Amino acid sequence: MRQIAVLMILGLSVVLSASAQSYKFDFTPGKKVKDGYVKVTPTDRYDEAKGYGYDLSASPDGKSKAPFFFSVAVPDGNYHVTAVIGSKRSAGETTLRGESRRLFFENVKTKKGELSSCSFTINKRDIHISEKEDVRIKPRERSKLNWDGKLTLEFNGDAPQLTELIIDRVENVPTIFLCGNSTVVDQDNEPWASWGQMVTRFFTDSVCFANYAESGESANTFIGAGRLKKALTQMKPGDYIFMEFGHNDQKQKGPGKGAFYSFMTSLKTFVDEARARGVQPVLVTPTQRRSFDENGKIKDTHLDFPDAVRWLAEKENIPLVDLHAMTRTLYEAMGVDESKHAFVHYPANTYPGQNKPLADNTHFNPYGAYQIAKCVIEGMKKAELPFVRFLRTDYEGYNPAQPDARESFKWNDCPFTEIEKPDGN
């Protein structure tokens, strides 16, 4: 357990402890601090003893428009965050992301002297299942923000600003647990992205997403690594668990393997464990790969795995999001060439250290992930899942046959890139 940090500010003691339920920070210039708040200056860098501070990149200096990060050590759970953005000194444009690039607010513009409150609910977790057992994460996950002991917020955009930050532990919101592979996971680095880290942008603070997906995972390896076991320790009645597998499962060969054999057994384990805890399972068919035939139609590459998911959903009376069907429509609507712009297709030297072209037909870039997230939401609506009432009012609906114009999508890259593709294909 981390140390208790006691700060002496203007003669007042402010305690941030592991058992604290509320954290309040004041980022305004000057010595004056709001009652009950901790004053934060550019010299406040994160360390475990203090339990909060600027992190990962340079602290904002009031002049630079570079993105910055702020971390707070908190226990596992859901946290309601209110970020007051804007400045009395200048206009701003701020994008808010959390943990491993989960998007919550994008391109929020504030005039000089204008402040805007942005509220969302975010899930934080670490690898510990119990005192004796941890999730067996992969070596490349050890630096992943989703698995560390702190809650990290990213302030990006053309001119990111932050005036005030309030973080409160919450217990009474439904949590949507996401389980899956590289098409679902919160990707840490540019230019990779997945729908699980984009869907958060479209919901209010009345619901929380907990993304447990990881690149390269099959349904059985997800269970074997303890990922499901960890998620089960955090679940409560009224929560949901989404399962999107198939990409990597189809590659497993040998006796007892196959869509209607080992794959079905693993999915049924998810379903039974969730239902035993009063949690609603939701099945999701795998996203299509960008694989066109000579007529510009998507070729099926998932064998009978999508059909197996549909069969189990009908047999067990489980809500289904047919992402396999919707992404076929989406990619064919984009066309052979334009669809490349939804995936990680970039010429050499687009990103640091990238001396060869990137041409990946499975993994999305931020624009593509944003489109897939909207497909998932339409599937949620079709399945009449109760939490769709928490969609934000600016969500206008989506038709995969009419994707958003690429030119209308604005994304400010985070400072971190990776040219190695995620596990799985």
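The structure displayed is predicted, hence computed values, not measured ones.
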Interatomic distance, L56 atom CG to E154 atom CD [nearest 0.5 angstrom]: 9.0 Å

Ring-ring centroid check Y331 F343, cutoff 6.0 Å: yes

Donor + acceptor pair across side chains of S117, T82 (<3.5 Å): no

Pair R125 + D76: basic N to acidic O under 4.0 Å: no

Note: D300-R328 ion pair, threshold 4.0 Å (strictly below): yes

Donor-acceptor pair, side chain of R101 and main chain of N189, under 3.5 angstrom: yes

Neighbour count above 12 (heavy atom, 6.0 Å) for Y261 OH: no

For E314, salt bridge (Lys or Arg N to Asp or Glu O under 4.0 Å) partners two or more places apart: none

Worked check of side-chain contact (heavy atoms from CB on, under 4.5 Å) between I137 and E214: CA-CA 9 Å; I137 62 174; E214 174 51 31; over 6 Å; no

side-chain hydrogen bond (donor to acceptor under 3.5 Å, both in side chains) assessment of T183 paired with E244: CA-CA 9 Å; T183 66; E244 190 217 309; 2.8 Å; yes

Test: K144 and D186 ion pair at under 4.0 Å: no

Ring centers of F209, F120 separated by less than 6.0 Å: no

Heavy-atom donor-acceptor pair, S130 side chain to E133 backbone, under 3.5 Å: yes

Carboxylate-amine/guanidinium contact E171 R169, below 4.0 Å: yes

K138 bridged to D423 by N-O distance under 4.0 Å: yes

Residues R45, D55: salt bridge by 4.0 Å N-O rule: no

Presence of salt bridge, K109 and D158, under 4.0 angstrom: no

H363/S194 under side-chain contact (heavy atoms from CB on, under 4.5 Å): CA gap, chis, key distance, verdict: CA-CA 7 Å; H363 300 107; S194 296; 6.0 Å; no

Cationic N near anionic O, under 4.0 Å, R227 to E141: yes

Residues E99 and K150 bridged, charged N to O under 4.0 Å: no

Main-chain N/O of Y37 paired to D26 side chain as donor or acceptor, under 3.5 Å: no

R310/D307 salt bridge by N-O under 4.0 Å criterion: yes

Flag, side chain of T95 to backbone of G157, donor-acceptor distance under 3.5 Å: no

Atom NZ of K63 with >12 non-hydrogen neighbours under 6.0 angstrom: no

Pair F409 + Y370: ring centers closer than 6.0 Å: yes

F263/F305 aromatic ring centres below 6.0 Å: yes

Crowding at NZ, K382 (>12 non-hydrogen neighbours, <6.0 Å): no

Minimal non-hydrogen separation, P160 against T94, with atom names: CA-OG1, 3.5 Å

Pairs satisfying ring pair (Phe, Tyr, Trp, His ring centres under 6.0 Å), at least one member in residues 122-175, at least two apart: F68-F155

Step-by-step side-chain hydrogen bond (donor to acceptor under 3.5 Å, both in side chains) determination, H345 to N365: CA-CA 8 Å; H345 275 252; N365 62 17; over 6 Å; no

Under 3.5 Å: donor-acceptor pair, side chain of S64, backbone of P60: no

Sub-6.0 Å ring centroid separation between Y46 and F69: no

Electrostatic pair E106-K410, nearest N-O below 4.0 angstrom: no

Geometric cation-pi criterion, R290 with F364: 6.0 Å, 45°: no

From CA spacing to verdict: side-chain hydrogen bond (donor to acceptor under 3.5 Å, both in side chains), T121, D205: CA-CA 5 Å; T121 303; D205 54 2; 5.5 Å; no

Test log, rule salt bridge (Lys or Arg N to Asp or Glu O under 4.0 Å), inputs R140 and E418: CA-CA 11 Å; R140 66 186 294 173; E418 183 175 14; 3.0 Å; yes

Residues which pass ring-ring contact (aromatic ring centres under 6.0 Å, His included) with F270, listed by chain and number, not counting sequence neighbours: F222, F245

R201/D394 salt bridge by N-O under 4.0 Å criterion: yes

Residue pair Q252 / S218: nearest heavy atoms and the distance that separates them: NE2-OG, 3.2 Å

Any donor-acceptor pair under 3.5 Å from S182 side chain to P422 backbone: no

Check: F387 ring centroid to Y240 ring centroid under 6.0 Å: yes

Residues T285, D322; criterion side-chain hydrogen bond (donor to acceptor under 3.5 Å, both in side chains); working and verdict: CA-CA 5 Å; T285 54; D322 199 346; 2.8 Å; yes

side-chain hydrogen bond (donor to acceptor under 3.5 Å, both in side chains) partner of R102, chosen from N123, N146, T200, N211: N146

Within 6.0 angstrom of K229 NZ, more than 12 heavy atoms from elsewhere: no

K268 bridged to E273 by N-O distance under 4.0 Å: no

From CA spacing to verdict: side-chain contact (heavy atoms from CB on, under 4.5 Å), R97, F105: CA-CA 7 Å; R97 300 194 279 250; F105 283 87; over 6 Å; no

Residue pair T301 / R289, side-chain donor-acceptor N/O under 3.5 Å: yes

Contact list for residues 344-365, test salt bridge (charged side-chain N to carboxylate O under 4.0 Å, His left out), sequence neighbours left out: none

E316 side chain to V271 backbone, donor-acceptor under 3.5 Å: no

Which atom pairs, donor and acceptor, lie under 3.5 Å between side-chain atoms of residues 395-402 and protein residues at least two apart or in another chain?
{"residue": "Y395", "atom": "OH", "partner": "E378", "partner atom": "OE2", "Å": "2.5"}
{"residue": "Y398", "atom": "OH", "partner": "Q371", "partner atom": "OE1", "Å": "2.7"}
{"residue": "N399", "atom": "OD1", "partner": "A401", "partner atom": "N", "Å": "3.0"}

Salt bridge (Lys or Arg N to Asp or Glu O under 4.0 Å) partners of D148, counting only residues at least two apart: none

Side-chain H-bond candidate by donor/acceptor type, N78 with T175, under 3.5 Å: yes

Candidate pair Y351 and Y346, rule ring-ring contact (aromatic ring centres under 6.0 Å, His included), full reasoning: CA-CA 9 Å; Y351 292 94; Y346 295 93; 5.4 Å; yes

Pair E338 + R406: basic N to acidic O under 4.0 Å: yes

